[in-house]
Amino acid sequence: MNNCEVVMTVEEMEKNRDGWLKARMSGIGGSEIAAVLNMSNYGDQFSLWERKTGRKTDEIPDNDKMKWGRRLEPIVADGFAEDYGKKLRKCGLMCRKDKPWMLCSVDRLVVGAEEGVEIKTATSYQRDEWPEDGAPMQYYFQCL
């Protein structure tokens, strides 16, 4: 990730969730790209604009899916590393050096490679959202 710099370290993000949420307001993050493209289940271009400009301040409320996703992320990451023989590391909040408004918090980076690992968990109730040949497009765009 030579073209990126760290905005907040993993430790800073874990200790200061409010600071992380505030730092995310300074740009567009990977999870917001689907809204930019009007392909998100959680909002569209207008709602993203409202949040980024402070016209609307309500965050997506923390829910059971989000909580379980955070709880399961380390387990899934460890399983991926073991299954594929990769060493992974957390990376914090990063931005592109030449475009500091482009933000990302990649779930894990592969040590020694220019590769990221984005971890998603889902319940059986979400199976209709997942195509047979891959992930929903909003996740694909997030990874790009």
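The first residue in the sequence is number 1, and the count goes up from there.
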*Asks:* Answer yes or no: is there a side-chain heavy-atom contact under 4.5 Å between Arg89 and Arg108?
*Replies:* no
*Asks:* Would a hydrophobic clustering, with Ile, Leu, Val, Met, Phe, Trp and Tyr connected at side-chain separations under 4.5 Å, put Leu88 with Val106?
*Replies:* no
*Asks:* Listing request: all side-chain hydrogen bond (donor to acceptor under 3.5 Å, both in side chains) pairs with a residue in residues 127-144, at least two apart in sequence or in separate chains.
*Replies:* Glu118-Gln142, Lys120-Gln142
*Asks:* Are side-chain heavy atoms of Lys90 and Met13 found at a separation under 4.5 Å?
*Replies:* no
*Asks:* Roughly how far apart are Ile33 CD1 and Cys143 SG, rounded to 0.5 Å?
*Replies:* 11.5 Å
*Asks:* Would you name the heavy atoms of Gly43 and Ser47 that are closest together and state the gap between them?
*Replies:*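 Taking every non-hydrogen atom into account, CA-OG, 3.3 Å.
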*Asks:* Measure the spacing between SG of Cys104 and CZ of Arg24 and express it to the nearest 0.5 Å.
*Replies:* 11.0 Å
*Asks:* At their closest point, which heavy atom of Ser40 faces which heavy atom of Ala35, and how far apart are they?
*Replies:*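 In this case the closest contact between Ser40 and Ala35 is CB-N, 3.6 Å.
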*Asks:* Transitively linked via ILVMFWY side-chain contacts under 4.5 Å: Leu144 with Met39?
*Replies:*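 Yes; tracing contacts between hydrophobic side chains, which count when under 4.5 Å, links both residues.
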*Asks:* Hey, does the side chain of Lys52 reach the backbone of Gly27 with a donor-acceptor pair shorter than 3.5 angstrom?
*Replies:*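 Yes, the answer is positive, given that a donor and an acceptor are paired below the 3.5 Å cut-off.
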*Asks:* Do any N or O atoms from the side chain of Gln126 and from the backbone of Thr123 form a donor-acceptor pair under 3.5 angstrom?
*Replies:* yes
*Asks:* Looking only at non-hydrogen atoms, find the nearest pair between Val7 and Ala23 and report the distance.
*Replies:*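 Smallest interatomic distance, heavy atoms only, reads CG1-CB, 4.5 Å.
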*Asks:* Look up atom CG in Leu72 and atom CD1 in Ile75, then write down how far apart they are to the nearest 0.5 Å.
*Replies:*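 Between Leu72 CG and Ile75 CD1, I get 5.5 Å after rounding to 0.5 Å.
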*Asks:* Quick one: does Asn16's side chain get under 4.5 Å of Glu12's, heavy atoms only?
*Replies:* no
*Asks:* Look at the side-chain heavy atoms of Ile, Leu, Val, Met, Phe, Trp and Tyr, link any pair under 4.5 Å apart, and say whether Tyr84 and Val76 land in one connected group.
*Replies:*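 Yes: a chain of side-chain contacts under 4.5 Å links Tyr84 to Val76.
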*Asks:* Can you give me the closest heavy-atom contact between Leu93 and Ser105, atom names plus distance?
*Replies:*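 Closest approach of Leu93 to Ser105: CD1-OG, 3.3 Å.
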*Asks:* Could you pull out the closest heavy-atom pair between Asn38 and Gln45, with the gap in Å?
*Replies:* OD1-N, 3.1 Å
*Asks:* With hydrophobic residues grouped by side-chain heavy-atom distances under 4.5 Å, do Tyr42 and Leu48 end up in a single group?
*Replies:*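 Each belongs to a different hydrophobic cluster.
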*Asks:* The criterion is salt bridge (Lys or Arg N to Asp or Glu O under 4.0 Å); which residues satisfy it with Lys22, sequence neighbours excluded?
*Replies:* none
*Asks:* Is there a side-chain contact between Pro131 and Pro136, using heavy atoms and a 4.5 Å cut-off?
*Replies:* yes
*Asks:* Do the non-hydrogen side-chain atoms of Trp68 and Thr121 ever get within less than 4.5 Å of each other?
*Replies:*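 No, every pair of side-chain atoms sits at 4.5 Å or beyond.
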*Asks:* Hydrophobic clustering (ILVMFWY, side-chain heavy atoms < 4.5 Å, transitive) - are Trp101 and Leu21 grouped together?
*Replies:* no
*Asks:* When rounded to the nearest 0.5 angstrom, what distance separates CD in Glu32 from CZ in Arg51?
*Replies:* 5.5 Å
*Asks:* If you look at every heavy atom in Ala77 and Ile119, which pair is closest and at what distance?
*Replies:*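 Nearest heavy atoms, Ala77 then Ile119: CB-CD1, 3.6 Å.
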